[in-house]
Amino acid sequence: MLDMKAISKVYQTEMVQTHALRDFNLHVAEGEFVAVTGPSGSGKTTFLNIAGMLEPFSGGQYCLDGVDIGKLNDNARADLRNQKIGFIFQGFNLIPDLNLYENVEVPLRYRGIKSAERKRRVEECLELVGLAGRAKHLPQQLSGGQQQRVAIARALAGRPRFLLADEPTGNLDSLMARQVMELLEQINREGATIVMVTHDPELARRAPRNIQIVDGRVTDFTLYQGRSAATPLAAGG
Amino acid sequence: MFIHYIDLAWRSLRQTPLVTFLMILAIAIGIGVTMTTLSVYHMMSMDPIPHKSDRLFSVQLQTMDDGETWRTPDDIPYQLTYTDAINLDALPGEYLRAPMLRSGFSVHLNTVSSKPFIENTRVTGRDFFTMFDLTFLHGNAWTEEQERDAAPVVVIDEEMAKQLFGKTDVVGESVFLGERRQEIVGVTKKWRPTIKFYDLNNGSFGEAERMFAPFSHVKAYDVDTWGNTNAWKFEETRDFNDKMNSEMVWVQFWVQLDTPQQHQAYGDMLMAYMQQQQKLGRFNRESLQYSLQDVNDWMRYNDVISEDNKILVGLSFMFLAVCVANILGLLLAKFMRRAPDVGVRRALGASKRQVFYQHLVEVGVLGLLGGGLGVLFAQLGLLGVSQTYDYYAGLANMDWIMLMSAPLLAISACILAGLYPAWLVCRTTPATHLKVQ
Ligand SMILES: Nc1ncnc2c1ncn2[C@@H]1O[C@H](COP(=O)(O)OP(=O)(O)O)[C@@H](O)[C@H]1O
Ligand SMILES: [Mg+2]
C-alpha cells in the first residue's frame with residue numbers, strides 16, 4: 001500500500017533549516033494497523049501529512065498503491081486523497097461554520113455521493129461515535145472529546161481504504177480512548193489500512209505493528225504479533 | 001454543488017457581518033456611480049427610432065460661397081435657408097419630406113377662465129407625423145389643401161388636449177395662438193423621444209413639442225424660429241420678408257428615402273437643384289455639395305454624446321476600480337483568515353479548483369447583493385441628475401438593459417476582486433494550516 005524510500009523533508013524558514021524527516025524508509029502493506037510513537041517534534045505529523053499528500057516532500061520516492069506520488073499533479077493527488085484516504089487530525093480541524101452533520105458530510109460531497117446516500121452514511125457514523133443526537137450542533141458547542149469524535153466520524157464516513165490518524169485519542173478519557181481504538185480495530189478488520197500516531201503506550205501495544213520515529217527517522221521496529229508484511233527496517237518490502 | 005456553494009457563501013458572509021456590509025457598500029457605491037453615468041450615456045447613444053433610423057435623412061446643402069467655413073466637420077451648415085426648404089419641399093417624387101423649425105406661441109382658449117401659457121410648437125409639413133412615427137388618437141394631420149392654403153389648423157398631443165379641455169377627443173375645438181384662432185384637426189398620442197434627434201440645435205435632450213402647425217404658416221403669419229438663425233455673410237434684413245429671402249440658415253429639412261435607388265435619385269435631384277440655383281446667382285462655388293445623413297450619423301455629426309460624457313464614464317469606471325481594490329483588500333484578509341478551513345477541505349478531498357470555485361461563488365453572491373443595492377444608488381443618482389439638470393431630464397433613467405447589466409457588472413467586478421484572494425487561498429499547501437493548532 002504505502003511505500004516510502006529515502007524520503008526527506010526540509011523546512012526552510014528565514015533563519016533555520018529543519019530536517020523534519022531524513023532518509024525515511026517505510027513500507028506498510030494493505031490491511032496493516034501501524035501505531036507510530038515518538039517524542040514531540042520528531043516528525044510524526046510531517047510523516048502523516050506526506051503520506052496523505054498534504055504536503056510535498058524534499059527528496060526520495062513515495063508510492064501509494066504502486067502510483068508514484070511525486071509524478072502526480074495537484075488534481076490527481078486531490079482525487080487520490082478523496083478516493084482512498086481518511087484523516088483524523090491532531091487538532092480536530094472541524095469547520096466552525098458547519099454543524100456536525102455538515103462537517104461529516106464534507107468528504108462525501110467532494111466525492112460526489114448522492115444526497116440520500118450521504119444522509120445514510122453521516123447518520124450511521126454519528127451514531128457510531130455516539131453523537132447522533134447532536135447533528136445540528138456547531139463544533140464550538142461541543143467539548144474537546146466530542147469534537148474529536150466528530151473528526152473520527154468524518155474520517156470514517158468516507159470509508160477510506162487508508163486511514164491516517166494523528167493522536168486520535170489525545171483529547172479523550174481512557175474509556176473513550178478505548179472505544180475509539182475498538183472502532184479503529186473494527187474498520188481495520190473490515191479491510192482498512194491504518195497508520196495511527198499515539199502517545200499512549202497502552203494503545204500502541206494493542207496495534208499489531210509498532211514503529212517509532214525519532215529525529216526524523218524510523219528508528220525502532222517492533223513486531224508484537226507475527227505478520228507477513230513485517231519486514232526489517234528500511235527494507236521496504 | 002453550486003447550490004451548496006451558495007449556501008456556504010451565505011453563511012460565510014453572515015459570519016462577518018461588518019466586513020460583508022462594508023464590501024457590499026463599496027461595490028454598491030461603485031456600481032451606483034458607474035451605472036448613473038453609464039445609463040445617461042446609454043440613453044444618449046440609443047437609436048431613437050430603430051426600425052427606420054437608416055431611412056430618415058437630414059438634408060444639408062452647401063450654400064456658402066467658396067472659402068467660407070462652418071463649425072461642422074465638413075463645413076456644411078446644419079440648417080437650410082428658408083428659400084431652399086420651400087424649394088426642396090416642392091421637388092417632385094413619391095417620398096416623404098418635412099421642412100421644419102421650432103417656434104412657439106402663447107396658447108389660450110380666449111375664455112375668462114383660460115390662462116394663457118407659452119407652448120413650443122413644431123412648424124412643419126404634414127409628412128412629419130408619418131416620418132417620425134406619431135400616432136393619432138383622434139382626427140388626422142392637416143390635408144394637403146390646408147397645408148397649401150395655410151389654413152388655421154393645428155395638431156396637439158393628448159397631454160395638451162387634457163390640459164386645455166380636460167379630455168383627448170377635441171378635434172374641431174378651437175385654440176388661440178396669440179390672437180389667431182386655430183382649429184384642432186388631430187390629437188396625437190404622447191410622443192417624447194429621449195433624444196430630440198430631428199432638431200439638435202438647441203439641446204439634444206430637450207422635450208419634444210406637443211403642438212404642430214403647418215409649415216405654410218411661416219410665410220402666412222410671419223412665424224419666426226425660436227431656434228438658431230445663422231448668417232454667413234452680411235445681409236441687411238429689415239423685416240421678416242427679408243429674412244425669408246436671405247441666405248441665413250434656420251430651417252431643418254428631413255426626407256424619408258426607403259431604397260438605395262430613391263436615395264440615389266434624390267441626390268441627383270439635389271445636384272440638379274443646386275445647378276439651377278447657381279444660374280440664379282446663388283451657390284457661388286466651384287463644386288456643389290450636399291449631404292444626406294441618417295439618424296445615427298446625424299447624431300454623431302452633431303456630437304450628441306459630448307467628450308465630457310465619455311470622460312465622465314471613464315472616471316466612473318476608475319472609481320469602480322478603486323472600490324474593487326478596497327474589496328480585494330477586505331477579501332484577502334477574510335479569505336486568509338479562513339485558510340485553515342480550506343486546508344481541511346483540501347485534506348478531505350477538495351481539489352484546488354473546487355476550493356477556488358467555492359470562493360468565487362462567494363464573491364459572486366457578494367456582487368449580486370452589491371449590484372442590487374447599486375441599482376438603488378444609481379436610481380438615486382439619476383434622480384439627482386434629472387433634478388439638477390433639466391437638460392438631461394428625458395435621459396436620466398434606466399431601461400431594462402441597464403437594470404440587467406448592473407448586477408452583471410457588480411458580479412464581474414467582485415469576481416475580479418476575488419480572483420487573487422481566491423487563488424492565494426487555494427494555492428497554499430493544505431498542511432500549512434493544519435499543523436498550526
Ligand atoms: N511548517 C513548518 N515549518 C517549519 N518547521 C516545521 C513545520 N512543520 C514542522 N516543523 C518542524 O519539523 C519538526 C517535526 O514536526 P512534526 O512533524 O510536527 O513533529 P511531531 O508531530 O512529531 O511532534 C519540528 O521540529 C517542527 O518544528
Ligand atoms: Mg504532531
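Each chain gets a letter, A, B and so on, in the order its sequence line appears, and its residues count up from 1. Nothing here was measured: the structure is a model prediction, and the numbers come from that model.
Considering only heavy-atom pairs separated by less than 4.5 Å from chain A, the leading option among R338(B), Q15(B), H4(B) is H4(B).
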* Check against side-chain contact (heavy atoms from CB on, under 4.5 Å), V344(B) and R154(A) -> CA-CA 11 Å; V344(B) 175; R154(A) 183 175 61 185; 3.5 Å; yes
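At a 4.5 Å heavy-atom cutoff, R14(B) makes no contact with chain A through either its backbone or its side chain. Looking at L98(A), both its backbone and its side chain come within 4.5 Å of chain B, counting heavy atoms on both sides. Neither the backbone nor the side chain of Q83(A) comes within contact range of chain B; no heavy atom of the residue lies under 4.5 Å from a heavy atom of that chain.
More than 12 non-hydrogen atoms from other residues, nucleotides or ligands lie less than 6.0 angstrom from CE of M1(B). Within 6.0 Å of the CD atom in E124(A), the count of heavy atoms belonging to other residues, nucleotides or ligands exceeds 12.
Atom CD of Q354(B) and atom OH of Y110(A) lie 6.0 Å apart (nearest 0.5 Å). From I95(A), atom CD1 reaches atom CG of L348(B) across 7.0 Å, with rounding to the nearest 0.5 Å. Rounded to the nearest 0.5 Å, atoms CG (N75(A)) and NZ (K352(B)) are 8.5 Å apart.
Residues A78(A) and S351(B) approach most closely at CB-CA, 3.7 Å, considering heavy atoms. Nearest heavy atom pair, residue A347(B) against residue F87(A), reads O-CD1, 3.4 Å.
By the 4.5 Å heavy-atom criterion applied to side chains, P96(A) and D341(B) are counted as neighbours.
Between the side chain of R11(B) and the main chain of D97(A), a donor-acceptor pair closer than 3.5 Å is present. Under a 3.5 Å cut-off, the side chain of R346(B) and the backbone N or O of L54(A) do not form any donor-acceptor pair.
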